[in-house]
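Everything quoted here is computed from the prediction, not taken from an experiment. Per chain, numbering begins at 1; letters A, B, ... match sequence-line order.
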Amino acid sequence: MARLNDEVGALLQEYADLILLTGGNAFRARSYEKAARSVGGYSEDLAHLDEEGIHKIPGVGDSTAAKIAEYLATKHIAALDKLRAQVPPGVREITSIPTVGPKTAVQLYRQLGIKSVDELRAAIDADKVKGLPGLGARAVENIRQGIDQVSRAGRRSLLSTALDLAEELVAAISEVPGCTRCAYAGSLRRMRETVGDVDILATARDSAPLMAALRDRPDVADVIGSGPTKTSVRTAKGLQVDLRVVPTADWGAALMYFTGSRAHNIKLRGRAVKAGMKLSEYGLFDVETGKKLASRTEKEVYAALGLPLIPPTLREDRGEIEAALDGELPDLVTLKDLRGDLHTHTDLTDGLAPLEAMLEAAAGLGYAYYAVTDHAPNLAMQRMTDDKMLAQRERARALDRTYHGMRVLHGTELNIDADGGVDWPADFLAGFDICVASIHSSFNLDRGAQTRRLIRACENPFINIIGHPTTRLLDRREPIDVDLDAVFAAAGRTGTALELNSSPHRLDLNDEQIMAARRHGVRFAVDSDAHSVPQLVGNQRFGVATAQRGWLGKDDVINTWSLTRLRRFLRKSAVRE
DNA sequence: GCCGTTTTCGGCCCGACTGTTTTCAGTCG
């Protein structure tokens with residue numbers, strides 16, 4: 001469910017953006033930005049806080065607290081509305097294009113009247129942009145590529161965004177009198193990394209009240225169509241939602257049909273045909289007699305096809321049907337299998353919560369161990385020093401075992417430089433329990449150079465995990481150009497785990513890369529990369545689902561292991577000795 | 001606008017990279 005904190009955080013971020021776009025004080029804007037992040041990542045729900053409680057959120061002072069209180073009371077912020085009136089919403093949207101910031105967006109608006117991404121593309125095509133101050137041929141070409149990238153990503157929503165909406169809708173529709181079952185289906189149920197639309201399936205004798213409940217929601221901007229079996233709407237945020245209502249007796253067949261994938265369904269139907277049966281969203285039928293053989297539950301339908309229930313995360317026609325027939329479906333890793341988290345941050349660098357708050361939340365998840373891995377000095381903005389890191393280590397040692405006996409590992413997230421080196425020499429690295437190493441710069445090296453730097457990082461005897469290996473951001477940045485097969489081979493050979501970063505913006509490695517890496521004997525760390533308590537608690541479901549999509553079992557994932565086994569792996573002895 | 005082992009004013013995450021410049025502005029992590 002979307003938290004009120006995220007909603008308010010987004011408004012404060014918008015306010016900060018609008019301050020910059022209207023030429024306001026940059027420090028003022030930064031202050032609202034900081035507050036936006038802080039509110040979004042705050043562990044307590046705004047809905048349960050009074051004005052005094054709101055004031056205690058770090059980075060929230062008198063002015064911001066008043067705006068939040070105003071929003072909670074009236075659902076409006078007058079100052080925000082005032083700024084909105086000065087800048088068309090499309091101008092802010094333009095700043096989401098990589099390489100286009102507020103200065104450029106405002107210049108385009110002032111000089112050419114451009115107030116949407118579409119208008120900007122048209123202006124570039126008409127050669128009107130080149131020649132503006134600071135915008136030469138190269139810069140314009142970068143903007144054009146940025147537009148392409150954003151529009152490719154923009155058609156689909158992040159899994160987390162779609163899931164928030166779907167869970168809210170399922171809860172609402174389930175409460176409508178007469179609704180007997182309700183669930184989300186589609187690519188969302190398969191937990192694909194991005195989702196084109198949200199499919200909701202429900203059963204009820206009379207569908208009308210369910211359809212009305214969807215149509216009448218305040219966040220519905222547009223009803224695309226509505227009949228007795230299907231209603232389609234578009235939300236204010238542009239996400240399409242389809243609600244289908246089927247008879248209770250056909251729940252299983254309909255859920256299978258609407259969960260897909262298409263390729264999985266086609267293969268199942270082919271199998272049915274060979275056996276003299278027909279499979280549709282209404283059930284599995286005997287072709288000769290027309291008799292319905294199964295439809296009530298998914299398990300029944302799969303069983304009638306001679307198959308065990310196949311988990312939704314595997315239904316992509318990547319061999320799961322064949323594996324099911326051979327009795328070789330993988331025993332997939334689950335959220336409950338995770339015994340710890342190996343890549344997390346605190347407010348010592350860019351995290352929001354102090355170490356103690358993160359540890360308490362981790363212990364609350366039942367973790368047996370937990371690694372704090374704050375940023376290393378080469379990410380200059382983080383201002384890390386040797387002394388700060390050593391002081392944190394002392395605190396971590398002191399807090400070891402104090403949270404329900406949870407073991408605290410002291411680590412760091414190193415920066416892999418363009419040559420594959422990292423922040424500290426061997427003697428300092430040797431002091432850490434665990435080292436994650438990630439790329440945070442030089443994203444545009446050529447394929448050979450990227451491959452070399454990552455292989456060299458794998459060969460570093462102190463690096464245990466390569467963090468977010470391709471560095472892609474689903475809504476913002478393409479992956480680096482790298483020979484992943486060569487990197488996977490190096491990771492397998494050196495005993496370096498590859499991360500499956502659970503942030504819904506990353507999911508890096510992705511499902512197919514995981515499958516390929518596994519063939520090289522690579523082990524994986526499913527890590528939250530949490531920068532706040534909500535991320536620590538919320539991210540891992542996305543990582544685990546992606547691990548399942550990559551066919552990973554418990555044994556493939558090092559943070560399901562016992563601490564003893566994990567420590568042995570972290571010694572990386574094969575390389576060091 | 002926020003904040004204080006720099007505390008009621010004066011700083012504020014700091015450096016690299018890119019493409020435009022001829023000494024720098026804008027963007028990004």
### Task
Check the side chains of Arg37(A) and Tyr42(A) for a donor-acceptor pair under 3.5 angstrom, ignoring hydrogens and angles.
no
### Task
Using the C1' atoms only, state how far dG1(B) lies from dT8(B), rounded to an integer number of Å.
14 Å
### Query
Taking the P atom of each, how far is dC13(B) from dC2(B), in whole Å?
14 Å
### Task
Would you check if Leu4(A) and Leu72(A) make a side-chain contact, meaning some heavy-atom pair closer than 4.5 Å?
yes
### Message
Please determine whether a side-chain nitrogen or oxygen atom of Thr99(A) lies at a distance below 4.0 Å from atom OP1 or OP2 of dC28(B).
### Response
no
### Message
Counting primed atoms plus P, OP1 and OP2 as sugar-phosphate and everything else as base, spell out the protein contacts along nucleotides 12-20 of chain B at 4.0 Å heavy-atom distance: B, S or - for each nucleotide, 5' to 3'.
### Response
BBBS---SS
### Query
At under 4.0 Å between heavy atoms, what does Tyr15(A) touch on the DNA or RNA strands: base, sugar-phosphate, or nothing?
nothing
#### Entry: Whole angstrom value for the distance that separates P of dG1(B) from CD1 of Ile19(A)
8 Å
#### Entry: Whole-angstrom distance between dC17(B) and dT23(B), as gauged at atom P
23 Å
### Polar contact flag, side-chain donor to acceptor under 3.5 angstrom, Asp374(A)-Thr349(A)
yes
### Task
Output yes when at least one side-chain N/O atom of Ser31(A) is less than 4.0 Å from OP1 or OP2 of dG1(B), else no.
no
### Task
Please check if the distance between the ring centroids of Trp424(A) and Phe462(A) is under 6.0 Å.
no
### Task
Indicate whether OP1 or OP2 belonging to dC2(B) is found under 4.0 Å from a side-chain N or O atom of Thr64(A).
yes
### Task
Round to a whole Å and report the spacing from CD1 of Ile143(A) to P of dC28(B).
11 Å
### Message
Less than 3.5 Å apart, any donor N or O on the side chain of Ser528(A) or Gln540(A) sitting next to an acceptor on the other?
### Response
no
### Query
What nucleotide among dT27(B), dC2(B), dG29(B) has an atom nearest to a side-chain atom of Ser63(A)?
dC2(B)
### Task
Just call it for Asp62(A): base, sugar-phosphate, or nothing, with non-hydrogen atoms closer than 4.0 Å on any strand.
sugar-phosphate
### Qualifying side-chain hydrogen bond (donor to acceptor under 3.5 Å, both in side chains) pairs, either residue in residues 90-107 of chain A, two or more places apart
Asp17(A)-Arg92(A)
### Side chains of Asp508(A) and Asn501(A), donor plus acceptor under 3.5 Å
no
### Task
Determine, using ring centers only, whether His440(A) and His468(A) are less than 6.0 Å apart.
yes
### Query
Closer to the 5' end of DNA chain B via nearest nucleotide, is it Pro98(A) or His55(A)?
His55(A)
### Query
If the C1' atom of dG11(B) is compared with that of dA16(B), how far apart are they to the nearest Å?
23 Å
#### Entry: P-based separation of dG26(B) from dT20(B) [nearest Å]
14 Å
### Task
Classify the side-chain pair Glu193(A)/Asn510(A) by whether it contains a donor and acceptor separated by less than 3.5 Å.
no
### Query
At under 4.0 Å between heavy atoms, what does Thr104(A) touch on the DNA or RNA strands: base, sugar-phosphate, or nothing?
sugar-phosphate
### Query
Under a 4.0 Å N-O cut-off, is there an ion pair linking Arg452(A) with Asp419(A)?
no
### Task
Could you measure between the two P atoms, the one in dT18(B) and the one in dC12(B), and give it in whole Å?
26 Å
### Query
Near DNA chain B, which residues from residues 411-421 of chain A have a heavy atom under 4.0 Å away?
none
### Query
With both distances under 3.5 Å as the test, what is the Watson-Crick or G-U wobble partner of dT8(B)?
none
